[in-house]
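Here the structure comes first, spelled out in structure tokens, and everything after it is commentary.
Just so it is clear: chains get the letters A, B, ... in the order the sequence lines come, proteins before strands, and each one is counted from 1. The figures that follow rest on heavy atoms only: side chains count, while hydrogens, waters and symmetry mates do not.
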2 protein chains.
Amino acid sequence: MSPRRRDSESAAAARAERRAELLGAAAKVFASRGYAATTVREVADAAGMLGGSLYYHFDSKESMVDEILSTFLTDMWAAYDRVLASDLSARETFQALVAESFRCIDRYREAVVIYQNESKLLGESPRFAYLAESQRRFREMWLSVLDRGVMDGVFRADLDTGLLYRFVRDTVWVAASWYRSDGRLPAGEIARQYVAMVLEGILKD
Amino acid sequence: MSPRRRDSESAAAARAERRAELLGAAAKVFASRGYAATTVREVADAAGMLGGSLYYHFDSKESMVDEILSTFLTDMWAAYDRVLASDLSARETFQALVAESFRCIDRYREAVVIYQNESKLLGESPRFAYLAESQRRFREMWLSVLDRGVMDGVFRADLDTGLLYRFVRDTVWVAASWYRSDGRLPAGEIARQYVAMVLEGILKD
DNA sequence: CATTGTTTCTAACAATCGTTTGGTAGAGTA
DNA sequence: TACTCTACCAAACGATTGTTAGAAACAATG
């Protein structure tokens, strides 16, 4: 590795780190105030700079939210795919997916909130077609796990599968809207109780 | 009742009906595109008129969403209060509240979606203080029902109450985001299956 | 110290926003 | 027919939006 190479590499690394910093600030504002309602001046303010200066780092406001969402989704699907590839039973897969989801919420809370609030709107644009595609895979994945569970006789068969899917999907992801990583309960414990609630219900015995 | 009186009354009624029509159109657009991202010209377009003409009927874009939300919330709480006043057991109260919630979703789908998506942002303004107040009452109501259920030994006691509350709240209300009144399952059947899932879990036996 | 490349600021731009104003078409009344 | 009131249109308002261009500040290099 030549010195020239190392310099240009560390420069690129510093640049990438700055981008990540700015995206972190942007994600916070987008998540708390909504993407459409957020101005680039507010994002810049949160990052300690002026509105126009953001355009040295990013092409547009749209490309910021694009990078925020695609980074999160790439990581999330990598985690899901690891679970799906490990040949677990339906019930174990279910639990592992929920646990992985909460780990995602823990790690990418802002991105998850943005994804939930804005994906329907953003998805209409061709640039964000991967959002709809992600939701399709999501549905496919959960339905497959749930169907397998019903087949194996581990999940009850008297409920509408589509309803079951929405129930699971929603109960897991809405947690992002109230979850705080510094809260009373750690992510793992929340996941455990969630799984218990969904699997066994809230009735006593 | 004098003729003059009747005329002014029917005029007022026609006026109110037109307002309701326009608010219906506005609610649809607000719900599907988001309040902040929606322009008054889009609302007017959906109502078959020009942007400025809306201001003959309403003070502002804000007052439209205000009327949409407050109408829905008033009706919802009237329904909840009827349930709470009828001296049911914890479990019966639980079921009745869920059923009533789904009836609200059925009747005020757009308003519910707007409430969920925008109440956090709108609530910061003094004008929409009633949104935060409604959420406070909501929390109080569900916690009281759940606590009573745990006391009576009908709900399990090994779960965090706050988590339980969020779980119930979220599972019920996110249904508004996908529910269609003309869908495969009627509102009552959805409510029934939801109650079964939450109470008994999704495991077989 | 001079020079270069990187990052931010200053200051504006065209477009679009919510909103206002003044006018007008049409129905109802005398 | 003349007048009035209701409901809308046409056209603009100032403010704010995302974005851009050129200059200034800064750090690093020679």
- At under 4.0 Å, does any side-chain N or O of A:R15 touch on OP1 or OP2 of C:dT7?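 Looking at the OP1 and OP2 atoms of C:dT7, one of them is under 4.0 Å from a side-chain N or O of A:R15.
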
Hey, can you pull the donor-acceptor pairs under 3.5 Å for the side chains in residues 32-40 of chain B, sequence neighbours left out?
| unit_1 | atom_1 | unit_2 | atom_2 | d |
| --- | --- | --- | --- | --- |
| B:S32 | OG | B:K28 | O | 3.4 |
| B:R33 | NH1 | A:E124 | OE1 | 3.4 |
| B:Y35 | OH | B:E62 | N | 3.4 |
| B:T38 | OG1 | B:G34 | O | 2.5 |
| B:T39 | OG1 | B:R41 | N | 3.4 |
| B:T39 | OG1 | B:E42 | N | 3.1 |

- Message: Can you list everything that forms a side-chain contact (heavy atoms from CB on, under 4.5 Å) with A:A111? Sequence neighbours excluded, please.
- Response: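 A:A111: side-chain contact (heavy atoms from CB on, under 4.5 Å) contacts with A:I68, A:F72, A:Y108.
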
- Item | Test side-chain contact (heavy atoms from CB on, under 4.5 Å) applied to A:E189 - qualifying residues, sequence neighbours left out |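 In terms of side-chain contact (heavy atoms from CB on, under 4.5 Å), with neighbours along the sequence ignored, A:E189 is linked to A:L185, A:P186, A:R192, A:Q193.
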
Give me, pair by pair, the N or O atoms of the protein and of nucleotides 23-26 of chain D that are less than 3.5 Å apart, along with how far apart they are.
none

- Message: Which label fits A:Y80 and A:F138: parallel for a plane angle under 30°, tilted from 30 to 60°, or perpendicular past 60°?
- Response: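 Tilted: the ring planes of A:Y80 and A:F138 meet at 30° to 60°.
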
- Message: Other residues, nucleotides and ligands only: do more than 12 of their heavy atoms fall within 6.0 Å of CZ on A:R184?
- Response: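 No, not enclosed.
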
- Other residues, nucleotides, ligands: >12 heavy atoms within 6.0 Å of B:D87 CG: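 Not more than 12 within 6.0 Å, no.
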
- Assess whether salt bridge (charged side-chain N to carboxylate O under 4.0 Å, His left out) is satisfied between A:R137 and A:E133, documenting all intermediate values. CA-CA 6 Å; A:R137 279 187 70 188; A:E133 169 62 14; 5.3 Å; no

- Sorted by number, the residues of residues 25-45 of chain B with heavy-atom contact under 4.0 Å to DNA chain D: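 Contacts with DNA chain D under 4.0 Å: B:R41.
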
- Query: Does A:R19 pair with A:E67 as a salt bridge, N-O distance under 4.0 Å?
  - Reply: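 Between A:E67 and A:R19 there is a salt bridge, with a charged N closer than 4.0 Å to a carboxylate O.
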
- Query: Among residues 116-126 of chain A, which contact DNA chain C at a heavy-atom distance under 4.0 Å?
  - Reply: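 Under 4.0 Å from DNA chain C: no residue of residues 116-126 of chain A.
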
- Item | Strand-adjacent residues in residues 49-69 of chain A, judged by heavy atoms under 4.0 Å from DNA chain C |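 Listed by number, they are A:M49, A:L50, A:S53, A:Y56, A:H57.
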
- Residues that B:E110 engages under salt bridge (charged side-chain N to carboxylate O under 4.0 Å, His left out), provided they are two or more places apart: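 With neighbours one apart ignored, the set is empty.
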
- Using salt bridge (charged side-chain N to carboxylate O under 4.0 Å, His left out) as the criterion, list what pairs up with B:D106, not counting sequence neighbours.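 Result, salt bridge (charged side-chain N to carboxylate O under 4.0 Å, His left out) vs B:D106: none returned.
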
- Between A:S134 and A:Y130, is there a donor-acceptor pair closer than 3.5 Å when you use the side chain of the first and the backbone of the second?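 Looks like no, no N/O pair under 3.5 Å.
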
- Task: Drop me the distance from B:L23's CG to B:T71's OG1, to the nearest 0.5 angstrom.
- Result: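 Going from the CG atom of B:L23 to the OG1 atom of B:T71 covers 7.0 Å.
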
- Message: Is there a side-chain contact between B:V112 and B:Y179 in this structure, where contact means two heavy atoms from C-beta onward sitting under 4.5 Å apart?
- Response: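 With C-beta onward as the side chain, the pair stays apart.
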
- Task: With sequence neighbours excluded, tell me which residues meet side-chain hydrogen bond (donor to acceptor under 3.5 Å, both in side chains) with B:T93.
- Result: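 For B:T93, the residues satisfying side-chain hydrogen bond (donor to acceptor under 3.5 Å, both in side chains) (neighbours in sequence not counted) are B:R148.
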
- Interatomic distance where CG belongs to A:L22 and C1' belongs to C:dT7 [whole Å]: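 Atom CG in A:L22 sits about 11 Å away from atom C1' in C:dT7.
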
Under 3.5 Å, N/O pairs linking protein and nucleotides 23-28 of chain C:
none

- Item | ring pair (Phe, Tyr, Trp, His ring centres under 6.0 Å) contacts in which one or both residues fall within residues 39-70 of chain B, not counting sequence neighbours |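 Every candidate ring pair (Phe, Tyr, Trp, His ring centres under 6.0 Å) pair involving residues 39-70 of chain B fails, so no pair, neighbours aside, qualifies.
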
